[in-house]
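One structure below.
The structure displayed is predicted, hence computed values, not measured ones.
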Amino acid sequence: MDMKTRGMYVCRTLSYKGAEFEVIEAPLEAEMEAMYKKAAELWAELRVELLSASAFHRNEKPNPSQLWRMYWSSHQRFFRHMCMSAKVPATVRLAKQALKEDKCVVIGLQSTGEARTEEAGLELDDFVSGPRELLLKFVDENYPLPEKPEPLQGDESVKELQRKRHSATPGVSLKGRVRKVAKWKPASDGESDEESDTDSGHESTESDDEYQICEICSSEEERKKLLQCSCCGKLVHPACLVPPITDLVPEKWSCYSCKEKTDEYMQARRAYIEELLKRYEQALQRKSKILDIIRSLDLPNNPLDDIIDQLGGPDKVAEMTGRRGMLVRASSGKGVTYQARNTKEVTMEMVNMHEKQLFMDGKKLVAIISEAGSAGVSLQADRRALNQKRRVHLTLELPWSADRAIQQFGRTHRSNQASAPEYRLLFTNLGGERRFASIVAKRLESLGALTQGDRRAGPSLSAYNYDSSYGKKALMVMYRGIMEQDNLPVVPPGCSSEKPETIQDFITKAKAALVSVGIVRDTVLGNGKDNGKFSGRIVDSDMHDVGRFLNRLLGLPPDIQNRLFELFISILDVLIQNARIEGNLDSGIVDMKANIIELQGNPKTVHVDQMSGASTVLFTFTLDRGITWESASTMLDEKKKDGLGSANDGFYESKREWLGRRHFVLAFESSASGMFKIVRPAVGESVREMTLAELKNKYRRISLLEKARRGWEDEYEVSSKQRGRDKAGGSTFGLPNVESTILGKNGRNHN
């Protein structure tokens, strides 16, 4: 605002005169609806499979947190692709209709599916299905598998392992002389060692190369006549063994005891590795089975290639995207081929500009732009261009960012144009797709606030902004109703209040749906009286998370998805309507609410801009927000009179003392949220509402009105003395003095 007053910040806005803006609903065709339903069921089954696999292979990669991050991000991208593909028939129909009316068409989307195409390879029978390739990649890279066991190595390695286990221990003779275990060495030039006394306890240093002791008969014999075990190092006579050895022995010979132990070890090791290998192969088989199911699933083609093909191919459609190649249907009509977008005459860097020129010259009457083609490209009906036909801008896919959405809209609405464009925003009738509109709607409001100082300045998509305070409250009310913690404030869609069994049937289906997308956790299937009923919990962080609800909603079959979304919208409408009736609707303008608002003193000029002459004026107000006993009693009586009150409405006293005294409140149930509004003597109505459980935990109901009156009036008077009185005699409660600054332009103040 300060920069604007200085003339340093200018936001030019092109007039929208002549431009048409329409939101078009593209309902799912029967084939697409069946496809979507099967895909949603597959994702639910895949989630159960991954839960069991990750629990069984707990210590394997990927770790559970990483696995579920990848799962939900892939889940969202998959169904975003499905929503785009569902709008292709409507897009083609609208484009052909515009061409018949002598107009030209610009189709805006964000993702081209090039990565999925490259992953699928170049030899294809039909266009690549982006959702299928995405799902195949996720399962292939993230399905939990146990580590593949290494195959058993040869006997040499086993004997080496045994040798390490049986570390050579010194042999002891009958005479008590400690001898070193003999090791074969080549003939040397008579090395000798000095031997210390046997009582000294030191190791013998006498040369024992020529004579060693047999471990079986304990007789001393020449070293070369004894056999030494390659595992434990024992020295024995061949004749002392049972049975004795008379043949030639291998260089690495093992005694019978070591060989027996080695065989036992080998057998146990083999059994262990076979078990590991069996587990690995079973997991691999389950993974392969899932991949085969995904490959057999009927899923839509890449929307970009599909649209180009249905509108006449690359010769009729100008493509301004970031991808390097595209799939084109073969001239024979069977199969598709992958070819580069550029030709010998046009480099890859200039291919988008070349396509743009063909569109502006009227040689191609349909243009498709992605995020890469949403900046620096002018596609309006320019008076200098040959193609001055009116543009019909179809938005197939909204970007995540509001400024990118504005960038893409601005390609066809620019200065010096012969006619303003027609904007057509396409949405399916799927409730979950409103998630993407909700994000853009919320950020478009922010963009308007940044660029023009007014959040209502941008294109109006406010009807799709569900991530608001009322949206969060509506979500909590809906969750509590589905989990049967409270009654639903509206009758669910497709149900009748005269037939309670229909409502119960919907609640059961809704609960099962929320379980399948991971919103309801720790589920248990009831027995006995509760047979067939689900019990579980929704974590606190999910109770108000509208974004997560809309994300997960995408993964449900269309029927229950739309019914849940309609229930959410119905509750939201009720909350907003009640807030409007009660005068509490937040319309975006900050209001100062109090019983008495008085100007304190005269307005004071605190700053005058030397360049523009604009002044900043400070107004100081005194607010009296206290509620007298008479006003509080009237509020309660009106509630009862209108029949809107509940049995728990009334005056309450705090169970604990605060600052040496107990406090009194008036509590009455809100018809919109089912929560209790709290009115206090000192500050009036509290912004925060309480549940009945919290209210009863902190306060006790007062049955005697006289006791409530004395306590209320006493607290009212005490708070009045603590805050002090202003000159006009009004009480000052709650907030301190509120200061409001009003900025003037060109030396004049604007209120």
Side-chain angles (χ1 to χ4, degrees), residues 473 486-487 578-579 581-586 591-600 620-738:
K473 189 178 287 187
D486 271 329
N487 293 324
N578 288 336
I581 292 171
E582 294 171 2
N584 297 325
L585 182 65
D586 181 9
D591 296 325
M592 294 182 292
K593 296 181 180 180
N595 297 326
I596 301 173
I597 302 177
E598 294 183 348
L599 180 64
Q600 186 77 12
T620 304
F621 298 95
T622 301
L623 308 180
D624 182 353
R625 299 195 299 154
I627 299 289
T628 61
W629 167 256
E630 290 76 15
S631 299
S633 301
T634 304
M635 289 171 67
L636 184 60
D637 292 340
E638 286 179 353
K639 271 280 183 184
K640 293 178 179 178
K641 184 179 179 181
D642 295 338
L644 300 175
S646 73
N648 295 301
D649 292 353
F651 292 95
Y652 287 77
E653 178 187 23
S654 63
K655 292 181 179 180
R656 298 176 61 184
E657 291 187 356
W658 184 63
L659 296 177
R661 59 186 300 111
R662 297 187 186 276
H663 295 268
F664 295 81
V665 298
L666 167 63
F668 53 87
E669 189 175 358
S670 170
S671 57
S673 63
M675 307 276 280
F676 280 80
K677 291 189 174 182
I678 305 299
V679 180
R680 305 177 191 277
V683 294
E685 187 176 324
S686 176
V687 176
R688 182 177 174 274
E689 297 178 349
M690 287 187 186
T691 62
L692 180 61
E694 183 183 1
L695 179 67
K696 289 186 174 181
N697 183 45
K698 294 181 177 179
Y699 297 89
R700 65 170 66 94
R701 181 92 179 268
I702 303 175
S703 55
L704 296 175
L705 280 180
E706 183 60 28
K707 180 182 178 182
R709 184 187 66 80
R710 287 198 306 270
W712 190 280
E713 290 181 345
D714 182 45
E715 188 169 344
Y716 180 86
E717 289 299 324
V718 168
S719 62
S720 172
K721 292 175 182 177
Q722 288 175 345
R723 293 287 185 181
R725 301 254 180 197
D726 59 25
K727 294 179 181 178
S731 302
T732 306
F733 293 100
L735 290 172
N737 292 341
V738 176

Closest approach of [X] to [Y] (non-hydrogen atoms, all atoms of both residues):
X	Y	result
His663	Tyr699	O-CE2, 4.3 Å
Arg662	Arg656	NH1-N, 3.6 Å
Arg701	Ala647	NH1-O, 3.1 Å
Phe651	Ala708	CB-CB, 3.9 Å
Phe676	Asp649	CE2-OD1, 3.7 Å

Between Lys655 and Lys696 (side chain of the first, backbone of the second, donor and acceptor by atom type, cut-off under 3.5 Å), is there such a pair? yes

I want to check something: taking the side chain as every heavy atom from C-beta on, are [X] and [Y] in contact at a cut-off of under 4.5 Å?
X	Y	answer
Tyr716	Ile627	no
Leu666	Trp712	yes
Asp714	Phe664	no
Lys677	Met635	no

Working to the nearest 0.5 Å, report the span between [atom1] of [X] and [atom2] of [Y].
X	Y	atom1	atom2	answer
Leu599	Thr620	CG	OG1	7.5 Å
Gln600	Phe621	CD	CZ	11.0 Å
Arg661	Glu715	CZ	CD	6.0 Å
Glu717	Thr628	CD	OG1	10.5 Å

